[in-house]
Structures are given as C-alpha cells and as structure tokens.
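So the structure is just underneath, and the comments pick up after that.
Heads up: numbering here begins at 1 and tracks the sequence. Computed from a predicted model, the values in this text were never measured in an experiment. Each ligand, and each atom within it, is numbered from 1 in the order the structure gives.
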Amino acid sequence: MKLIIAIVQDEDSSRLLTGLMNKGFGVTKLATTGGFLRAGNTTLLIGVEDDKVPEAISAIESVCKSRKQLTAASTSTVGVSAGGFVPFPVEVTVGGATLFVLSVDQFMKV
Ligand code: 2BA
C-alpha cells in the first residue's frame with residue numbers, strides 16, 4: 001500500500017475530492033499553508049493499493065492546473081530605497097500538484 005500526499009491549490013480541491021471519492025478512493029483533506037507564498041493550500045492524504053497509484057495520479061493530473069500568482073518578494077530579496085526596504089511583486093507558477101508517494105508499512109483500523 002502507498003500513501004499519496006498531494007498538495008494542491010484550494011481552487012482545485014473540491015473538484016479533486018469529489019473525483020477521487022467517486023472513483024472509490026479514501027481521502028483526508030487538510031487545510032495547509034505554503035511556506036513560500038504563506039497562502040492557504042490543501043493537502044490530501046490518499047491511501048491506495050499499489051496498483052491503483054497510477055489511477056489516483058492521473059485523477060489528480062486531470063483536475064489540478066498550474067496558475068501564475070503574484071507575491072511580494074521575501075525579506076531576503078527585497079530592494080532597499082532611501083525610505084527603507086521596499087517589497088516588489090514577483091510572479092511564481094504554482095502547482096498543478098506537488099505529490100509525495102510513500103510506502104505504507106501497516107494500514108489498520110482499530
Ligand atoms: P508554497 O511554498 O507557497 O510555494 C508556492 C510556489 O512558489 C511554488 O509552487 C513555486 O512555484 C514557488 N516557490 C516556492 N519556493 C520558492 C523559492 N524559494 N523561490 C522562488 N519560488 C518559489 P509549487 O512548487 O507548485 O508548490 C506549491 C506548494 O507545494 C508549496 O506552496 C508548498 O506548500 C508545497 N511544496 C512544494 N514543494 C514542497 C516540498 N519539497 N516539500 C513540502 N511541500 C512542498
């Protein structure tokens with residue numbers, strides 16, 4: 001068995017959750033925050049049999065789209081002006097989805 005940890009954008013999470021549930025996958029949804037943008041995103045925990053991993057990944061791929069997002073540069077990269085530090089906008093491409101696929105030693109419900 002594998003555990004897929006999928007970090008996705010909030011905008012995609014509801015449709016993805018529905019899609020995965022309709023295909024019979026068990027899913028847990030967590031509200032999370034990305035370290036770089038400090039913005040909300042969604043992390044899904046999906047426990048799947050080994051042979052179902054490709055099906056789960058293709059369901060994620062079909063829903064999660066990458067998007068461009070503007071953010072203020074972090075303090076390590078801000079420009080300096082006479083008045084002090086001035087943040088400037090930086091465009092980053094976020095997602096589709098960031099996936100970790102882990103082997104599960106044991107799965108049980110007690
Ligand atoms: P965030 O950390 O908020 O990152 C959002 C997007 O900002 C990233 O999209 C990437 O395009 C950009 N970014 C991140 N760190 C950067 C940096 N040091 N310099 C310039 N741009 C940077 P994604 O790569 O698609 O990541 C989306 C979210 O997935 C991340 O949100 C984070 O929550 C998670 N994530 C990505 N890689 C991870 C990892 N290795 N471990 C744990 N979580 C990860």
Atom-level proximity to ligand 1, residues with heavy atom under 4.0 Å: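 Close residues (ligand 1, cut-off 4.0 Å): I7, G34, G35, F36, L37, N41, V92, T93, V94, G95, T98, F100.
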
Pairing residues for Q106 by the side-chain contact (heavy atoms from CB on, under 4.5 Å) criterion, not counting sequence neighbours: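 With sequence neighbours excluded, Q106 shows a side-chain contact (heavy atoms from CB on, under 4.5 Å) to M108, given in chain and number order.
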
Residue list, side-chain contact (heavy atoms from CB on, under 4.5 Å) with R67, at least two apart or on another chain: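 Counting only residues at least two positions away or on another chain, R67 forms a side-chain contact (heavy atoms from CB on, under 4.5 Å) with Q9, E11, D12.
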
Minimum heavy-atom distance between G96 and C64, given as atom pair plus value: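 Where G96 meets C64 most closely, the heavy atoms are O-CB, 3.5 Å.
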
Name every donor-acceptor pair, under 3.5 Å, that has one atom in a side chain of residues 41-50 and the other anywhere in the protein, sequence neighbours excluded.
{"residue": "N41", "atom": "OD1", "partner": "T32", "partner atom": "OG1", "Å": "2.6"}
{"residue": "T42", "atom": "OG1", "partner": "D10", "partner atom": "OD1", "Å": "2.7"}
{"residue": "T43", "atom": "OG1", "partner": "T32", "partner atom": "OG1", "Å": "2.9"}
{"residue": "D50", "atom": "OD1", "partner": "M1", "partner atom": "N", "Å": "2.9"}

Side-chain touch Q69/L37, heavy atoms, less than 4.5 angstrom: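 They are in side-chain contact.
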
Working for side-chain contact (heavy atoms from CB on, under 4.5 Å), residues F36 and V92: CA-CA 10 Å; F36 185 69; V92 293; 3.7 Å; yes

